[in-house]
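Let me begin by presenting the structure, written as structure tokens, before commenting on it.
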Amino acid sequence: MTPAGGENSTTAEITEPEAAALEARTAAAEASAAAQDAEEAAAEADESADRAQVDREQADDIVDELLIEERHPSEGMGRPGPPLHRSNPFVFGFFAALGVLVAWGLWNALGQAKSVLILLIVSMFIAVGLNPLVEWFMRRGLKRGLAVGVVFLLVLLAFAGVGFAVVPVVTEQINNLIKNAPDWLDLLTKSRTLKDLDNKYHYIQKATDYIQDPALAQRAFGGILGVGKVVANALFSAFTILILTLYFLASLPAVKRAAYSLVPASRRPRVSILGDEVLGRVGGYVSGQFTVAITAGFCSFVFLEIVGLRDYAVALAIVVVVCDFIPMVGGLIGCVVITLVGLTDGVWTGVACLAYGVIYQQVENYVVAPRIMRRAVDIPGAVTVIAALLGGALLGVVGALLAIPAAAAALLIIREVWMRKADAS
């Protein structure tokens, strides 16, 4: 007999292994299907990548063809050859000739713009010279814009003062000349010596014929126009210099920063120090020369008051101040002017003015100027003379004025750059 439930137990024991195997086979089939799906997906991805690569290559070919059509419409005639080497004689000759033409054109452009460049240089020079005064006002609490306005107003007042002091004296001198001209003519006609010379050379008749010549009026009118043109150009140049000086003075810090920013960062601190020192020496020269000129004008004013030329003391003192800014010959010009005016008052007055001019020039050259300018520029006297001569030969009076601070800046750069490298080598 079979016990109850025995058949069911045997069936369960047989069914469980079969169920496990069935589940395993099912899992293996699912894994195989998943692997197959992954392979298909990978194949599709590779195929998509290949299609994308082909599309990109085709697009690049189309772009290249478009570019070639734009640059070379006749592409079918062959591919362009390699570029010519710079050592090729034709290339070298072409670029050498082109460089010569460019240099020649720039030189001609600089020659035509010489007057404008001189105005720019003078304006920058004046702005650098006035900058210490602006900084002095800034140290007293004024902002830079207000300090620049105060300094510019002082400059305008100085120019106006010079005009009001000199113009009346010049007008009076011309009126005196016209008033005394008949007396001088009478003196010429009454002098026995001059009569003998007139009998021999007939200079009075020649002068009369020259004055009565109809062409004299035309020449005089042309001369007046020429003088008027010179005066108009001088006024325009003075106005331009004033405006440019105001602009440079207001924007001097920004100009310095812009100039220093062009230097590589590794050298910028040293270049900034040297640049500030150069500008400081230029400003020191201008302020020192101004002090020397003011001293000369004050001493001349005191002397003219003592000698009896009180009517011309202020105007002549201003003339001495202006002339003293001219290196080397400025003091001599002022002395000559004072002597000529002194001779109009009397011979002994003229001799006294000449003696004063000679003595004061020695005192200024060996006592006043060295003490004031030693700290400003610190250059040897021989270099000063050579620089003034070269500057005067190149740019006239303006070159002579700018030569000394330029020489001081050049000496500073030589000492701090070239000589240091020479010592370290």
Side-chain angles (χ1 to χ4, degrees), residues 117-139 147-148 151-152 154-155 158 241-242 244-246 248-249 252-253 255-256 259 272-298 320-334 361 363-417:
L117 293 177
I118 290 177
L119 293 180
L120 290 174
I121 294 174
V122 172
S123 302
M124 179 62 77
F125 178 77
I126 297 175
V128 172
L130 293 177
N131 189 59
L133 185 58
V134 173
E135 293 180 350
W136 184 85
F137 280 110
M138 292 176 64
R139 288 192 296 269
V148 170
V151 172
F152 194 70
L154 292 177
V155 172
I241 289 175
L242 286 176
L244 291 176
T245 301
L246 177 61
F248 286 135
L249 195 59
L252 188 58
V255 171
K256 289 196 301 182
S272 300
I273 294 173
L274 289 175
D276 291 341
E277 183 65 23
V278 168
L279 294 178
R281 293 202 176 190
V282 173
Y285 168 77
V286 175
S287 59
Q289 190 63 39
F290 182 77
T291 304
V292 172
I294 290 295
T295 303
F298 176 76
V320 170
V321 170
V322 174
C323 292
D324 214 56
F325 277 97
I326 304 175
M328 298 178 60
V329 298
L332 178 61
I333 295 174
Q361 282 303 305
V363 174
E364 179 183 293
N365 293 334
Y366 294 101
V367 178
V368 179
R371 291 180 180 273
I372 296 176
M373 303 299 290
R374 185 181 295 115
R375 297 180 180 179
V377 292
D378 189 22
I379 59 176
V383 176
T384 302
V385 175
I386 294 173
L389 291 175
L390 291 177
L394 292 174
L395 297 176
V397 177
V398 176
L401 289 173
L402 303 180
I404 296 177
L411 280 180
L412 174 65
I413 295 175
I414 290 173
R415 290 170 182 169
E416 293 295 329
V417 178

Tell me which donor-acceptor pairs under 3.5 Å the side chains of residues 118-126 have, and how far apart each pair is, sequence neighbours excluded?
| from | atom 1 | to | atom 2 | distance (Å) |
| --- | --- | --- | --- | --- |
| S123 | OG | L119 | O | 2.7 |

Contact summary for Q361 and G331, nearest pair of heavy atoms: NE2-CA, 3.3 Å
Any E416 side-chain heavy atom under 4.5 Å of I273 side chain: no
Check: E277 side chain, A409 main-chain N or O, donor-acceptor pair, under 3.5 Å: no
Over 12 foreign heavy atoms within 6.0 Å of CZ, F137: yes
Reported CZ-to-CG distance for the pair F248 and L130, which is rounded to 0.5 angstrom: 13.5 Å
Any V292 side-chain heavy atom under 4.5 Å of D324 side chain: yes
Within-4.5 Å side-chain heavy-atom neighbours: L249 and F152: no
Sub-4.5 Å side-chain heavy-atom contact between V417 and L274: yes
Rounded distance [0.5 Å steps], CG in N131 versus CE in M138: 8.5 Å
V286 side chain reached by V128 side chain, heavy atoms, under 4.5 Å: no
Inter-residue atom distance L246.CG - I241.CD1, 0.5 Å rounding: 13.5 Å
